[in-house]
Amino acid sequence: MTVSSLRDRLIERISLTGPMTVADYMAVCLTDPQQGYYTTGTPFGRGGDFITAPEISQMFGELIGAWLLQIWLDMGEPANIRLIELGPGRGTLMADALRTLSLRPDFLAKATLHLVEVSAKLRQTQMQTLASSPLKPTWHDRLEDVPNGPTLLVANEFFDALPIHQYVKTITGWQERVIGLKTSAEGKEEELTFGLGPGHLPPSEIPARAKTAADGSILEVSPTANAVATIIATRLKEQQGAALLVDYGYLQSSTGDTFQALHHHAYDDVLAHPGAADLTAHVNFEALARAARLAGALPTEPLEQGDFLLKLGLLERAGALGRGKDAKTQEEISNAVERLAGPDQMGSLFKALALSDGSFVPAPFDAVAFDKIASHRHHRPQQGDNT
Ligand code: SAH
């Protein structure tokens with residue numbers, strides 16, 4: 001029996017039931033149980049399509065481990081602590097973080113490790129990476145399945161993989177962008193193509209900055225990402241703790257098409273290789289912070305990744321790691337510092353946002369100015385409010 005490609009299955013589905021939203025397309029391409037990018041591929045590392053911060057250097061996970069440990073100490077060293085990672089990839093960040101966390105064996109004695117991962121294949125990789133780690137992981141399909149308890153949560157490059165809807169400014173308002181079919185130039189086969197669907201973004205969901213956008217502008221909304229932020233925030237409020245969300249993203253809701261594909265280390269047409277290319281969209285940190293605040297958690301002012309890592313002691317850690325090593329190793333370490341924190345590399349494009357249960361602001365973050373994350377939906381203008 002021949003297995004249809006994911007592209008053929010998408011074409012069949014669209015010809016039967018009509019055009020699909022960008023969000024549905026993204027979800028199928030990334031997480032289809034048989035042919036999704038994360039479910040079937042080995043996306044990371046040198047042979048993969050992209051290299052994430054924990055794969056660049058052990059320092060990234062180690063510093064995040066130090067951040068988590070400090071919060072646990074500040075919380076008064078609670079027992080029954082749930083150490084949670086969303087989308088752990090190869091498990092590298094957690095393995096590195098656990099090295100730092102092991103500095104306090106009493107933390108390990110009081111903690112359990114929970115990994116939320118959709119891909120069975122990546123769960124296998126995570127199991128291998130964490131085989132000799134001091135905490136044995138439990139895997140979950142969803143964050144809601146993680147048992148109650150004070151929470152320390154980390155998610156690196158997780159939210160950018162969650163589906164977005166795109167809306168296009170037209171004469172009728174913000175019309176949903178969909179994926180339909182067209183006949184190829186040779187007139188033989190069907191191809192995927194972008195079009196406009198009947199749905200519109202409700203006016204209450206339109207950010208102020210988009211109100212004067214020109215026709216053809218694109219606005220992205222991720223109800224899934226916002227829902228995950230709500231679930232994290234609800235958990236923090238009820239169980240106490242903090243969360244760290246690190247991703248490629250922007251700080252204020254605005255227009256722009258950030259939906260992109262990476263295939264074999266090169267940018268690709270998002271419709272060209274369904275299931276074989278990595279699809280991402282930039283994360284809207286303003287929307288995540290707002291969702292978290294509405295659910296009762298305290299979002300911090302986001303920091304650029306470079307700033308965050310330097311404040312956590314990246315340079316000191318790099319110095320310690322390189323001490324007494326040969327010139328080549330030292331150069332590798334300083335290259336890693338540059339890649340993680342350099343403004344023209346990951347340092348400024350990636351942002352870190354912390355959420356807490358509301359009883360503290362996790363260092364090195366600052367409290368957020370609340371008018372900056374005012375709700376669009378129930379928007380009451382305040383003095384100094386420029387959203
Ligand atoms: N945090 C890792 C990997 C980032 S890639 C790193 O920094 O290297 C995104 C990760 O999220 C992968 O592990 C992917 O399988 C997982 N993932 C994507 N969508 C998911 C979903 N809806 N639920 C759970 N995990 C998901």
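Here the structure is a predicted model, which means the values were calculated and not measured. Both counts, for ligands and for their atoms, begin at 1 and track the order of listing.
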Notebook entry, point to check: Within a strict 4.5 Å, meaning less than it, do heavy atoms of the E220 and N284 side chains meet?
Noted result: no
Checklist line | CE on M59 to CG on L321, rounded to 0.5 Å | finding: 6.0 Å
Checklist line | Polar contact flag for A161 and ligand 1 (N/O pairs, less than 3.5 Å) | finding: no
Note to self: Quick check on contacts: which atoms of ligand 1 are under 4.0 angstrom from a heavy atom of G89?
What the structure shows: 2 (C), 3 (C), 13 (O)
Next item on the list: Quickly, which of L152, L153, L98, L73 forms a side-chain contact (heavy atoms from CB on, under 4.5 Å) with L68? Name it, please.
Entry: L152
Item checked: Numbering as shown, the atoms of ligand 1 that approach P54 to under 4.0 Å (heavy-atom distance) -> 6 (C), 7 (O), 8 (O)
Margin query: Would you call the rings of W67 and F308 parallel, tilted or perpendicular, taking 30° and 60° as the class edges?
Written below: perpendicular
Item checked: Part of T52 within contact of ligand 1 (heavy atoms, under 4.0 Å) -> side chain
Checklist line | Between OG1 on residue T280 and CG on residue L162, distance to nearest 0.5 Å | finding: 11.5 Å
Notebook entry, point to check: With respect to atom 15 (O) of ligand 1, which of E157, E117, M26 exhibits the smallest heavy-atom separation?
Noted result: E117
Check: Relative to atom 25 (N) of ligand 1, which among D247, V154, V118 owns the nearest non-hydrogen atom?
Finding: V118
Next item on the list: Hey, can you tell me if F259 and F194 have their rings parallel, tilted or perpendicular (30° and 60° cut-offs)?
Entry: perpendicular
Margin query: Does the residue L122 have a heavy-atom contact with ligand 1, meaning some pair of atoms that are separated by less than 4.0 Å?
Written below: yes
